[in-house]
Amino acid sequence: MKQSITLTDKRFWVFEASTLLYAIGLLALGCVVWDKTATIDLGLFLACVCLISGLITWLIANGKHWFVFGLVYEMVFLCLIAAFCVIVVVVTNGTIFNDFWLDIGILLVFIFTIGIASFLPTIALAFVGYYLFCKK
């Protein structure tokens with residue numbers, strides 16, 4: 001049975017709040033891993049990407065197994081970041097790619113690195129979220 005989102009569905013809002021906490025955790029993890037300080041715009045970007053990923057994941061995988069839910073969230077998250085990177089390249093360079101294969105390789109390495117760093121936290125979020133948000 002497919003469930004829809006309503007503004008009164010508290011489970012959806014609790015899940016979205018947890019994605020904000022997840023964004024803060026990922027930002028802190030990124031600061032530790034790459035030894036950089038976070039900026040406000042990076043924090044807002046990551047929060048927006050996590051919220052949009054949460055919304056899309058809720059629409060696609062709500063009610064499915066927690067591991068599937070986590071995988072869908074991770075794929076949506078990485079696809080949004082990849083799309084943003086391509087948009088930034090187009091806006092700055094005026095073209096999609098100057099050296100196509102080099103830029104595709106750099107993009108894939110970048111997305112793969114983010115995927116490695118965020119996979120375990122995403123699966124942990126899905127596992128905890130499954131047991132917190134399942135209907136009784």
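Reckoned from all heavy atoms, side chains included, excluding hydrogens, waters and symmetry mates.
Shortest non-hydrogen contact noted between Gly43 and Leu27 is CA-CD2, 3.8 Å. Residues Thr57 and Phe69 share a closest heavy-atom pair of CG2-O, 3.6 Å. Minimum heavy-atom separation, Leu55 to Glu16: N-OE2, 3.4 Å. Scanning both residues, Leu20 and Ala47, for their nearest heavy atoms gives CD2-CB, 3.9 Å. Nearest heavy-atom pair across Leu71 and Phe119 is CD2-CE1, 3.7 Å. Scanning all heavy atoms of the two residues, the minimum distance from Leu80 to Ser53 falls at CD1-OG, 3.4 Å.
For the atom pair CG of Leu26 and CG of Leu46, the computed distance is 5.5 Å after rounding to the nearest 0.5 Å. Between the CG atom in Leu51 and the CD1 atom in Ile56 there is a gap of 11.0 Å [rounded to 0.5 Å]. In this structure, OG1 in Thr113 is found 10.5 Å from CG in Leu108, a value given to the nearest 0.5 Å. The distance from atom CZ of Phe45 to atom SG of Cys50, rounded to the nearest 0.5 Å, is 9.5 Å.
Criterion: ILVMFWY side-chain heavy atoms under 4.5 Å apart, direct or through other members. Under it, Leu120 and Ile116 are not part of a common hydrophobic cluster. One hydrophobic cluster, built from ILVMFWY side chains closer than 4.5 Å, cannot hold both Phe110 and Phe112; they sit in different ones. Neither Val49 nor Leu44 shares a network with the other; the hydrophobic side chains, linked directly or stepwise wherever heavy atoms of I, L, V, M, F, W or Y lie under 4.5 Å apart, form separate groups for each. By the criterion of side-chain heavy atoms lying less than 4.5 angstrom apart, applied directly or through intervening Ile, Leu, Val, Met, Phe, Trp or Tyr residues, Ile24 is not grouped with Val14; the two fall into different hydrophobic clusters. Cluster annotation: Ile114 is not connected to Val32 through the hydrophobic network of ILVMFWY side chains, with a link wherever side-chain heavy atoms come within less than 4.5 Å.
Between Phe77 and Tyr22, the ring planes lie perpendicular to each other; the angle is over 60°, past the 30° to 60° tilted range. Below 30°, between 30° and 60°, or above 60°: for Phe12 and Trp58 the angle between ring planes is above 60°, a perpendicular geometry.
The shortest side-chain heavy-atom distance between Tyr73 and Ser118 does not fall under the 4.5 Å cut-off.
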